[in-house]
Asker: 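Have a look at this one before I ask anything.
Side chains are part of it too, since the values below use all heavy atoms of this structure and drop only hydrogens, waters and symmetry mates.
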Amino acid sequence: MNGARAVHHRWVTTTPPHGVRRQFPRWSQLRPLLRFDLSRTGLQRAPDVAGIRAMARRRVPRAVFDYVDGGAEGEVSLARSRRAFEAVEFRPRILVDVAEPDPSTTILGQPSRMPLVLAPTGFTRLMHYQGEYAAAAAAAGAGVPYTLSTMGTVTPERLAAARSDGADQWFQLYLWRDRGRSIDLVARAREAGFRALVLTVDTPVAGARLRDARNGLSIPPRLTPRTLAGLARHPGWWANLLTTEPLTFASLTDTGGTVAQMVDRVFDPHVTIADLAWLREQWQGPLVVKGAQTAADARRVVDAGADAVIVSNHGGRQLDRAPTPLEELPAVVQEIGDRAEVYVDGGVRTGADVVAAVALGARACLVGRPYLYGLMAGGRAGVARVLDILHADLRRTLALLGTPTLSELSEERVRIR
Ligand SMILES: Cc1cc2nc3c(=O)[nH]c(=O)nc-3n(C[C@H](O)[C@H](O)[C@H](O)COP(=O)(O)O)c2cc1C
């Protein structure tokens, strides 16, 4: 017996209960349902960062997607960061007026439309030819700070020249073996108007990114038989790569080989807390340390002069099985929260994740991969879409949680399961 036909048959012949009348639909009823909204691009149809990630995967060669998406070694840190966010249970307040939820805040004394900062990411024009220009413009449009990496593919001066009014831009530093050149770069960033300096301290040597090793990712990307095969599948990406300025690390001259080889050649594994104190003397603006992973280390860097600390394991791209940032956050806030701002990153994928982190004491979260997925999926519009999604998530979560402003968030609003 054909079940589908039986169901269909029953639907047509079932006698409706008394009072319900059947009728043929009229054209005036159907017409509004048939409206095709051609203004909605694929980006608009993606409802969340996961949807944007799926688009990104289709748009760029495998090695590029994996460079962004992957972590170090067994990718345990990365998975744990996500699990920590998923373990958060919200405890809403009811019967509160939440008609105007407002996720705005201040970060290092500057207003921000939400508690979010675009994290520094190296090699950004690999993801999309618009690279840092697109990410920085979208951040400015969304009213949040953007951080340019030492491993960026655009110089601080070029990015500054494209900066829109009021944009808050930070510069991320890796200390090089050559301190003179490091400090020249810091001076250039200051000159170009970058407001805060972010010193990353979790990269004394390169992490083992196994996906990159398997894919043979190099700088610039090599044209091997495999990449040539990828060319057929992603002609747009390759056309953009080959018809725009050459893809190099704009602030480094000693490039070539794999990312890991370059990191090990140029960056200094001798860096200690004394270097941070030295840097504090060189830089008058806000100084942020990225990559503290315990409360004790957070205290050491604040004692050495840091104004803010990012609890981070580099998105699981350095030491695998490192402490999980969200889990370390409360202890760090307890230790230094009265003296410095505390941010957290790694695995933030929704606005609800940001709300959870703020409830646990973070001033703001950084995101890396989410905006890079947006960049790969659609350049500047893709990054803007991701920031829109996160802003809408934040507003909705604040309303549902009964905390219309961030100042009403506290650890009472969350429980870890
Ligand atoms: C492709 C990629 C490149 C990165 N490059 C840098 C970098 O140059 N400097 C740095 O301090 N952190 C770098 N990071 C780490 C990010 O700043 C951030 O800590 C991390 O992405 C946060 O995790 P999430 O991607 O899950 O949001 C990079 C991350 C990614 C995904």
Asker: Can you give me the closest heavy-atom contact between Gln130 and Arg125, atom names plus distance?
Answerer: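 Smallest heavy-atom distance, with atoms named: C-CG, 4.3 Å.
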Asker: Before accepting this row, confirm whether a basic side-chain N of the pair Arg339/Asp303 lies closer than 4.0 Å to the acidic partner's carboxylate O.
Answerer: yes
Asker: Do the non-hydrogen side-chain atoms of Ile389 and Ile52 ever get within less than 4.5 Å of each other?
Answerer: yes
Asker: Check the surroundings of atom CZ in Arg190: do more than 12 heavy atoms from other residues, nucleotides or ligands lie under 6.0 Å from it?
Answerer: yes
Asker: May I ask you to say whether Glu157 pairs ionically with Arg188, meaning some side-chain N is under 4.0 Å from a carboxylate O?
Answerer: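 Salt bridge present between Glu157 and Arg188.
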Asker: Mind checking the CZ-CG spacing from Phe171 to Leu199? Nearest 0.5 Å is all I need.
Answerer: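 Result: 11.0 Å between the selected atoms.
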Asker: CZ/Arg209 to CG/Asp320 distance, rounded to the nearest 0.5 angstrom?
Answerer: 11.0 Å
Asker: Drop me the distance from Leu159's CG to Thr124's OG1, to the nearest 0.5 angstrom.
Answerer: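 Answer for the CG-OG1 pair, Leu159 versus Thr124, is 10.0 Å.
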Asker: Asp345 and Ser312: side-chain hydrogen bond (donor to acceptor under 3.5 Å, both in side chains), yes or no, with the steps?
Answerer: CA-CA 5 Å; Asp345 79 8; Ser312 169; 2.7 Å; yes
Asker: What residues, two or more places apart in sequence or in another chain, satisfy side-chain contact (heavy atoms from CB on, under 4.5 Å) together with Arg280?
Answerer: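 Applying side-chain contact (heavy atoms from CB on, under 4.5 Å) to Arg280 gives Trp283, Leu287, Asp307.
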Asker: Got a donor-acceptor contact below 3.5 angstrom from the Asp353 side chain to the Val348 backbone?
Answerer: no
Asker: Using a 3.5 Å distance criterion without hydrogens, assess whether the side chain of Thr147 forms a donor-acceptor pair with backbone atoms of Ala119.
Answerer: no
Asker: Compare all side-chain heavy atoms of Leu118 with those of Leu387 and state whether any distance is below 4.5 angstrom.
Answerer: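 When only atoms from C-beta onward are counted, Leu387 and Leu118 do touch, with a gap below 4.5 Å.
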Asker: What I want to find out is whether Arg158 reaches Glu132 closely enough, with some N-O distance under 4.0 Å, to be called a salt bridge.
Answerer: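 Salt bridge absent between Arg158 and Glu132.
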Asker: Taking the side chain as C-beta and beyond, is there a heavy-atom pair between His128 and Trp237 under 4.5 Å?
Answerer: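 The answer is no; the side chains never approach within 4.5 Å.
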Asker: Do Glu89 and Arg91 sit within salt-bridge range, that is, some charged N less than 4.0 Å from a carboxylate O?
Answerer: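 Yes.
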Asker: Kindly indicate, with the supporting measurements, whether the criterion salt bridge (Lys or Arg N to Asp or Glu O under 4.0 Å) is fulfilled by Glu327 and Arg80.
Answerer: CA-CA 10 Å; Glu327 290 173 1; Arg80 284 188 185 151; over 6 Å; no
Asker: Just checking Gln29: does its CD atom have more than 12 heavy atoms from other residues, nucleotides or ligands closer to it than 6.0 angstrom?
Answerer: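 More than 12 heavy atoms, drawn from other residues, nucleotides or ligands, come within 6.0 Å of this atom.
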Asker: Can you list everything that forms a side-chain contact (heavy atoms from CB on, under 4.5 Å) with Ala356? Sequence neighbours excluded, please.
Answerer: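 Ala356 satisfies side-chain contact (heavy atoms from CB on, under 4.5 Å) with Val88, Phe90 once adjacent residues are dropped.
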Asker: With rounding to the nearest 0.5 Å, note down the distance linking CG in Leu173 to CD in Gln282.
Answerer: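 Between Leu173 CG and Gln282 CD, I get 11.0 Å after rounding to 0.5 Å.
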Asker: Can you tell me if CD on Gln110 sees more than 12 non-hydrogen neighbours from other groups inside 6.0 Å?
Answerer: yes
Asker: Hey, is Asp275 close enough to Arg179 for a salt bridge, meaning N to O under 4.0 Å?
Answerer: yes
Asker: I need the minimum non-hydrogen distance between Val198 and Trp170, along with the two atoms involved.
Answerer: CG2-CE3, 3.8 Å
Asker: For the pair Glu412 (side chain) and Leu409 (backbone), establish whether a donor and an acceptor sit closer than 3.5 Å, ignoring hydrogens and angles.
Answerer: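 No, because the side chain of Glu412 does not come within donor-acceptor range (under 3.5 Å) of the backbone of Leu409.
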Asker: Asn215 side chain to Leu217 main-chain N or O, any donor-acceptor pair under 3.5 Å?
Answerer: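 It does not hold such a pair.
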Asker: Got a salt bridge between Asp388 and Arg385, using NZ or NE/NH1/NH2 to carboxylate O under 4.0 Å?
Answerer: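 Not counted as a salt bridge, because no side-chain N and carboxylate O are separated by less than 4.0 Å.
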Asker: Check step by step if salt bridge (Lys or Arg N to Asp or Glu O under 4.0 Å) holds for Arg181 and Asp184.
Answerer: CA-CA 5 Å; Arg181 288 193 47 219; Asp184 284 351; over 6 Å; no
Asker: Does a side-chain heavy-atom distance below 4.5 Å link Thr105 with Met114?
Answerer: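 A side-chain contact is absent here, since even the closest heavy-atom pair is not under 4.5 Å.
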Asker: Would the distance check show the side chain of Asn313 and the main-chain N or O of Pro323 forming a donor-acceptor pair, the cut-off being under 3.5 Å?
Answerer: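 At least one qualifying donor-acceptor pair exists.
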Asker: Nearest 0.5 Å, what's the OH-CE distance between Tyr67 and Met127?
Answerer: 5.5 Å
Asker: So, does Arg369 use its side chain to make a donor-acceptor pair with the main chain of Gly70 at under 3.5 Å?
Answerer: yes
Asker: Run the ring pair (Phe, Tyr, Trp, His ring centres under 6.0 Å) test against Tyr146 and tell me which residues pass, sequence neighbours left out.
Answerer: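 Scan of Tyr146 (ring pair (Phe, Tyr, Trp, His ring centres under 6.0 Å), adjacent residues dropped) gives none.
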Asker: Taking ring pair (Phe, Tyr, Trp, His ring centres under 6.0 Å) as the definition, give me every residue that meets it alongside Tyr174, ordered by chain and number, with sequence neighbours left out.
Answerer: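 Partners of Tyr174 by the ring pair (Phe, Tyr, Trp, His ring centres under 6.0 Å) criterion, ordered by chain and then number, come out as Phe267.
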Asker: Kindly determine whether Gln172 and Thr200 satisfy side-chain hydrogen bond (donor to acceptor under 3.5 Å, both in side chains), including the steps that lead there.
Answerer: CA-CA 7 Å; Gln172 178 264 325; Thr200 299; 3.0 Å; yes
Asker: Would a distance-only check, ignoring hydrogens and angles, find a side-chain to backbone donor-acceptor pair under 3.5 Å from Thr272 to Ala274?
Answerer: yes
Asker: Would Asp69 and Arg62 pass as an ion pair if we require N to O under 4.0 Å?
Answerer: no
Asker: Could you check whether any side-chain heavy atom of Leu390 comes within less than 4.5 Å of a side-chain heavy atom of Val49, counting everything from C-beta outward?
Answerer: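 Yes, side chains in contact.
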Asker: Side chains of Arg363 and Leu406: closer than 4.5 Å at any heavy-atom pair?
Answerer: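 SC-SC contact between Arg363 and Leu406 ruled out.
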Asker: Is a side-chain donor or acceptor of Asp297 paired with a backbone partner of Arg299 at a separation under 3.5 angstrom?
Answerer: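 No, because the side chain of Asp297 does not come within donor-acceptor range (under 3.5 Å) of the backbone of Arg299.
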Asker: Look up atom CD1 in Ile94 and atom CG in Leu400, then write down how far apart they are to the nearest 0.5 Å.
Answerer: 13.0 Å
Asker: For Ala208, check side-chain contact (heavy atoms from CB on, under 4.5 Å) against everything at least two apart and list the hits.
Answerer: Glu73, Leu210
Asker: Locate the shortest heavy-atom distance separating Leu108 from Ala308; write the atom from each residue and the value.
Answerer: CD2-CB, 4.1 Å
Asker: Go through the steps for Val201 and Val271 under the test side chain to side chain contact (heavy atoms under 4.5 Å, CB included), then give the verdict.
Answerer: CA-CA 8 Å; Val201 293; Val271 174; 5.5 Å; no
Asker: How close do Leu366 and Pro120 get, heavy atom to heavy atom, and via which atoms?
Answerer: CD2-CD, 4.2 Å
Asker: How close do Ser81 and Gly346 get, counting heavy atoms only, and between which atoms?
Answerer: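 Smallest heavy-atom distance, with atoms named: CB-O, 3.5 Å.
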Asker: Answer yes or no: are there more than 12 heavy-atom neighbours, outside Glu86 itself, under 6.0 Å from its atom CD?
Answerer: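 Yes, CD of Glu86 has more than 12 neighbouring heavy atoms, counting only those of other groups under 6.0 Å.
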Asker: Please examine the side chains of Leu185 and Trp176, heavy atoms only from C-beta on, and report whether any two atoms are closer than 4.5 Å.
Answerer: yes
Asker: Take Arg163 and Phe194 through the test side chain to side chain contact (heavy atoms under 4.5 Å, CB included) and record every step on the way to the result.
Answerer: CA-CA 10 Å; Arg163 181 188 293 139; Phe194 287 80; 3.8 Å; yes
Asker: Measuring only between side-chain heavy atoms, which start at C-beta, is Cys365 closer than 4.5 Å to Pro115?
Answerer: no
Asker: Can you list every pair that meets salt bridge (charged side-chain N to carboxylate O under 4.0 Å, His left out) and has a residue in residues 167-177, with sequence neighbours left out?
Answerer: Asp168-Arg195
Asker: Closest heavy-atom contact between Ala357 and Val344?
Answerer: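 Smallest interatomic distance, heavy atoms only, reads CB-CG1, 3.7 Å.
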Asker: Could you walk me through whether Asp202 and Leu319 pass side chain to side chain contact (heavy atoms under 4.5 Å, CB included), step by step?
Answerer: CA-CA 8 Å; Asp202 55 18; Leu319 176 67; over 6 Å; no
Asker: Kindly say whether Ala377 contributes a backbone atom to a donor-acceptor pair with the side chain of Arg57 at under 3.5 angstrom?
Answerer: no
